[in-house]
*Asks:* 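Take this structure first; my questions come after.
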Amino acid sequence: MTGIASIIPIIVGKLVYLPITGYLLLLVARTDTQLVWYPALFVVVAFFFLDFVPQTFIQPYIAGRNLHVGLMIFAYVFGGLFFGWYGLFLGPIILVFSLQAIRLVVTDLLHGGPVTPRPTAAEDLGSDPALEQN
């Protein structure tokens, strides 16, 4: 369910963990109201690990700040078409890896230059973790 929800930007996991939290609150209301801390803890942990950390730290680090959103949507759609359910996860990963490979390796090979660990083309595409730490 989270993979399908990830197609919708910004909402992502909220379509999954908020209904689960509502269900847990309903169960707590029917049984023992002293256990209300469990759904509260669940929603805080789910928000932190499904929304805050991935969208704030992981996505910008992996994809870079200049990756076009339209490319990511195509990666989700075509990933799902080519690989089925797993394509929702593999599509964006393959897109990022292929763009980085083109940026670092293919351009040097096409121009006959040596392959270096530093990009020589499309330097504004993707992220450079060494520069972002400074």
Side-chain angles (χ1 to χ4, degrees):
M1 288 173 45
T2 304
I4 293 171
S6 67
I7 294 174
I8 305 168
I10 307 299
I11 295 174
V12 187
K14 291 177 198 70
L15 287 176
V16 177
Y17 71 80
L18 288 181
I20 292 173
T21 303
Y23 176 71
L24 291 174
L25 284 171
L26 182 68
L27 287 178
V28 165
R30 288 184 180 175
T31 57
D32 186 10
T33 56
Q34 291 180 351
L35 296 176
V36 75
W37 65 270
Y38 180 75
L41 179 67
F42 174 76
V43 76
V44 168
V45 170
F47 172 77
F48 185 74
F49 285 110
L50 293 177
D51 279 335
F52 183 72
V53 171
Q55 290 179 359
T56 306
F57 300 108
I58 297 173
Q59 182 182 7
Y61 182 77
I62 293 175
R65 287 167 178 67
N66 298 327
L67 192 60
H68 195 273
V69 176
L71 281 176
M72 289 303 288
I73 291 173
F74 279 120
Y76 282 116
V77 171
F78 288 118
L81 287 174
F82 290 131
F83 302 111
W85 173 254
Y86 299 109
L88 292 174
F89 304 100
L90 287 175
I93 293 171
I94 291 171
L95 172 73
V96 170
F97 282 140
S98 62
L99 284 176
Q100 293 296 332
I102 290 169
R103 185 176 144 223
L104 294 173
V105 177
V106 174
T107 54
D108 289 335
L109 292 176
L110 286 177
H111 296 295
V115 177
T116 62
R118 289 271 157 224
T120 56
E123 294 179 15
D124 60 338
L125 180 67
S127 65
D128 190 356
L131 293 176
E132 290 178 6
Q133 291 176 357
N134 296 332

*Asks:* Would a single hydrophobic cluster contain both F97 and I73, if residues Ile, Leu, Val, Met, Phe, Trp and Tyr are joined by side-chain heavy-atom contacts under 4.5 Å?
*Replies:* no
*Asks:* Please tell me whether I93 and Y86 are part of a single hydrophobic cluster in this structure, the criterion being side-chain heavy atoms less than 4.5 Å apart.
*Replies:*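 Different clusters: I93 never reaches Y86 through Ile, Leu, Val, Met, Phe, Trp or Tyr contacts under 4.5 Å.
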*Asks:* Taking a hydrophobic cluster as the set of Ile, Leu, Val, Met, Phe, Trp and Tyr residues connected by side-chain heavy atoms closer than 4.5 Å, whether directly or through intermediates, do L41 and L26 fall within one such cluster?
*Replies:*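 No, because L41 and L26 fall into different hydrophobic clusters, even though each may have its own neighbours under 4.5 Å.
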*Asks:* Which atom names give the shortest non-hydrogen contact between G87 and P92, and what distance separates them?
*Replies:* O-CD, 4.1 Å
*Asks:* Return the set of residues passing side-chain contact (heavy atoms from CB on, under 4.5 Å) with V36 (not counting sequence neighbours), or none when no residue passes.
*Replies:*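 Result, side-chain contact (heavy atoms from CB on, under 4.5 Å) vs V36: L25, V28.
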*Asks:* Given the rule that I, L, V, M, F, W and Y join up when any side-chain heavy atoms are under 4.5 Å apart, are V53 and L18 in one cluster?
*Replies:*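 In one cluster: yes.
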*Asks:* For the residue pair F89 and W85, does the interplanar ring angle fall in the parallel (under 30°), tilted (30 to 60°) or perpendicular (over 60°) class?
*Replies:* perpendicular
*Asks:* Going from CD1 on I20 to CZ on F42, what distance comes out if it is rounded to the nearest 0.5 angstrom?
*Replies:* 4.5 Å
*Asks:* Scan for side chain to side chain donor-acceptor pair (under 3.5 Å) pairs involving residues 15-39, sequence neighbours excluded, and state none if there are none.
*Replies:*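 For residues 15-39: Y17-D51.
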